[in-house]
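Every chain is numbered from 1, with letters handed out A, B, ... down the list of sequences. Owing to the predicted nature of the structure, the values given are computational and were not obtained by experimental measurement.
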Amino acid sequence: MKCFDLMWKKPAVESVNGLLIQIQQCSISSPRTLPLIHARIIKSHCLQDGFLLTRLAHAYLTSDTPAPAKRIFTHFPKKPPLFLWNEMIKWYSRNRCFRESIDLYYLMASMGVRRNEFTFTFVLPACAGARSVLDGRIVHVDLVKIGYERNVFVATALVDMYCKCGEIGLARKVFDDVSSKGTAIFNAMVSGYVNNNEHGMAMAVFDSMQNSGVVSDAITMVSILQSCASLGALRRGRMIHDQIQRSSHLDINVYIGAALINMYARCGSIEDSRKVFDEMPDRDLISWTTLISGYGMHGLAKNAESLFTQMINSGIKPDAVAFVGILSSFGHCGMVDIGQNYFHRMTKEYRIEPTLEHYSCMVDMFGRAGKLDEAEEVIRTMGVAPDSGILGSLLNSCKLHLNVQVAERITEHILSIDPENAGWYVLMSNIYATAKNWNGVTKMRVLMKEKNLIKPPGWSSIEINGEIHSFLVFDQRHPDSTAIYDVMRNLESRIRIEGYVPDTSCVLRNVGEDLKLDMLCGHSERLAIAFGILRTGEGEVLRIMKNLRVCLDCHTATKFISRITGREIILRDSKRFHHFKDGSCSCGDYW
DNA sequence: TTAGGGTTAG
């Protein structure tokens, strides 16, 4: 009894310092035992010690156990310290609870709690994650009032937030107002332009970064390589690759590796992609997937399949994205049976739930191969609501295999989902035009006019000596315009002699044949090819980019051009690559 | 005791 009394009256009280050390050790080695220490704190009557509680809550948050941390925060003796507010805002933001993070910031502000630079660098990413420029602007106004806009961490978070919200102009203003810029803020601006599809601007900021002597790191390179990939700027991409290899502080890590593989593939040089892949010291799932998709884009489904098998044999498990890559490769090449087999393996062997993207690949695969019924069946039975993309892919197949009936049904469905997109009206109109159904053509044109819809113009570009030249349809703005049109007409007459027969079915209007022929000749890819022939030497490969799909007639014409000029022409359109050589195309006309 | 920017498909 005596012994019990003694224990009861004098519990084993542990010192605050001892508990602090336990928290520190525990949060590193065994965060699961944190509740045990929590219990000791309660037992030791240390619940009034703010510093100790803060460390405990912090340890809970670091080990992703927010519930007890929240309880400590809510029942904090007197007021929780600024540090704990910040850590709570950070935890919510990093765990994609953006609204909670932002609301906690508002609570803080309404209670008059002091905010510091950390508060802003934690809440701004939450505004970015929520894509809420409204909240972002409120926080921005707040931080200017308190005087943190010159802090480079805060400014970087602001730039990133505005970019992610699509407000690139506001981001640029913040960026320009920072007087002493380091690598990170430059990176935020470059990647902002990249993600907003302003690749020319990304290049310009990158150039000014290099000119002002700010060090580029791996993140800079990954971003700028994306721009090279999007612009098809192979020469520029090679220069960046050189710079990476020469640099003493940059290694080919998995990020840079994937960016390089992607850049070379999208710039038409899949051999270089392979070289980068082979030379990478470490590869992850994304390195493999990038090259597999690259092969797919280039119509090299056999290479894609062999690489996919090698990947599995090397112990890497494919994910949903890897399957999109391999399935789209098969679709592009008309390998329907193998494609179906892989789709089956994906669901049964790898237990990957198919998404709309996978179904899209299957629809495309069946559609291109002329199996329109099977393609429609996929859409009907997939159990996911179709989007306009998957229906559009089927509509495109209806054009390839001219099936007006199915096309009309699909168009009705597409327009109920996406009525403001002029592309669908144009596609259906083209199908009518191919079937010489001029009433149908008129119907689509009237519908477009009533809705005031304009199809975004097609453009093509070509890089000559590191400079990108872009052409719109019937473009006459280029200084060499007269010479370009001369080259093009000369090519047209030469390929006619070789047997090229123009296919005017992709000319929308019901006009005379002569005018239709003129309209074909003005296609942007034709202008870019003519310019390439004009400005490059024999034997040089022409690399052209087009924002839309290459039309059937330009495809045929380019095959002939490659034959009569002996030129290799690599044309990348919105879907994939067409590699023309000696009168044939790598895509096997499955586009 | 707390910070910023990055890779693959369609």
Counting side-chain heavy atoms from CB outward, which of B:dG4, B:dA9, B:dT2 is closest to A:F118?
B:dT2
Of all the nucleotides listed (B:dA3, B:dG10, B:dG6), which has the minimum atom distance to the side chain of A:N195?
B:dG6
Using a heavy-atom cut-off of 4.0 Å across all strands, would you classify A:D319 as base, sugar-phosphate, or nothing?
nothing
Quick one: salt bridge (charged side-chain N to carboxylate O under 4.0 Å, His left out) pairs with a partner in residues 279-305 of chain A, sequence neighbours left out?
A:K275-A:E279
Looking at every strand, decide which applies to A:D364 at a 4.0 Å heavy-atom threshold: base, sugar-phosphate, or nothing.
nothing
Go through the structure and list residues passing side chain to side chain contact (heavy atoms under 4.5 Å, CB included) with A:A375, not counting sequence neighbours.
A:V363, A:F366, A:L394
Please check if the side chain of A:S227 supplies one atom and the backbone of A:A202 the other of a donor-acceptor pair under 3.5 Å.
no
Using a cut-off of 4.0 Å on non-hydrogen atoms, how would the nucleic acid contact of A:A259 be classed: base, sugar-phosphate, or nothing?
nothing
Side-chain N or O of A:Q226 less than 4.0 angstrom from OP1 or OP2 on B:dT7?
yes
So what does A:S393 hit on the nucleic acid, given a heavy-atom distance under 4.0 Å: a base, only sugar-phosphate, or nothing?
nothing
Could you check which of B:dG6, B:dT7, B:dG10 has an atom nearest any side-chain atom of A:I256?
B:dG6
Considering every strand and a 4.0 Å limit on heavy-atom distances, what is the contact class for A:V154: base, sugar-phosphate, or nothing?
nothing
Short side-chain N/O contact to B:dT2 OP1/OP2 from A:R94, under 4.0 Å:
no
Applying a 4.0 Å non-hydrogen cut-off, can you work out what A:F122 is touching in the nucleic acid: base, sugar-phosphate, or nothing?
base
Less than 6.0 Å separating the ring centroids of A:F308 and A:Y342?
yes
Identify whether any heavy atom of A:E117 sits under 4.0 Å from a base atom; if not, whether one sits that close to sugar-phosphate; answer base, sugar-phosphate or nothing.
base
Whole-Å gap separating C1' (B:dA9) and CG (A:L327)
10 Å
Regarding A:N86, tell me which of base, sugar-phosphate or nothing describes its non-hydrogen contacts under 4.0 Å with the strands shown.
base
Counting the atoms with a prime plus P, OP1 and OP2 as sugar-phosphate, which does A:T289 contact under 4.0 Å by heavy atoms, base, sugar-phosphate, or nothing?
base
Look at A:N262 and B:dT8 and indicate whether a side-chain polar atom (N or O) is within less than 4.0 Å of OP1 or OP2.
yes
Please state whether the phosphate of B:dT8, meaning OP1 or OP2, lies under 4.0 angstrom from any side-chain nitrogen or oxygen of A:S293.
no
Between OH of A:Y148 and C1' of B:dT2 the distance, given in whole Å, is 13 Å
Does A:K575 have a side-chain nitrogen or oxygen under 4.0 Å from the phosphate oxygens OP1 or OP2 of B:dG10?
no
Could you walk me through whether A:R345 and A:N341 satisfy the side-chain hydrogen bond (donor to acceptor under 3.5 Å, both in side chains) test, starting with their C-alpha distance in whole Å, then the side-chain angles of each, then the deciding distance to 0.1 Å, before giving a yes or no?
CA-CA 6 Å; A:R345 275 182 74 187; A:N341 180 23; 6.0 Å; no
Touch class at under 4.0 angstrom, heavy-atom based, for A:R266 against every strand present
sugar-phosphate
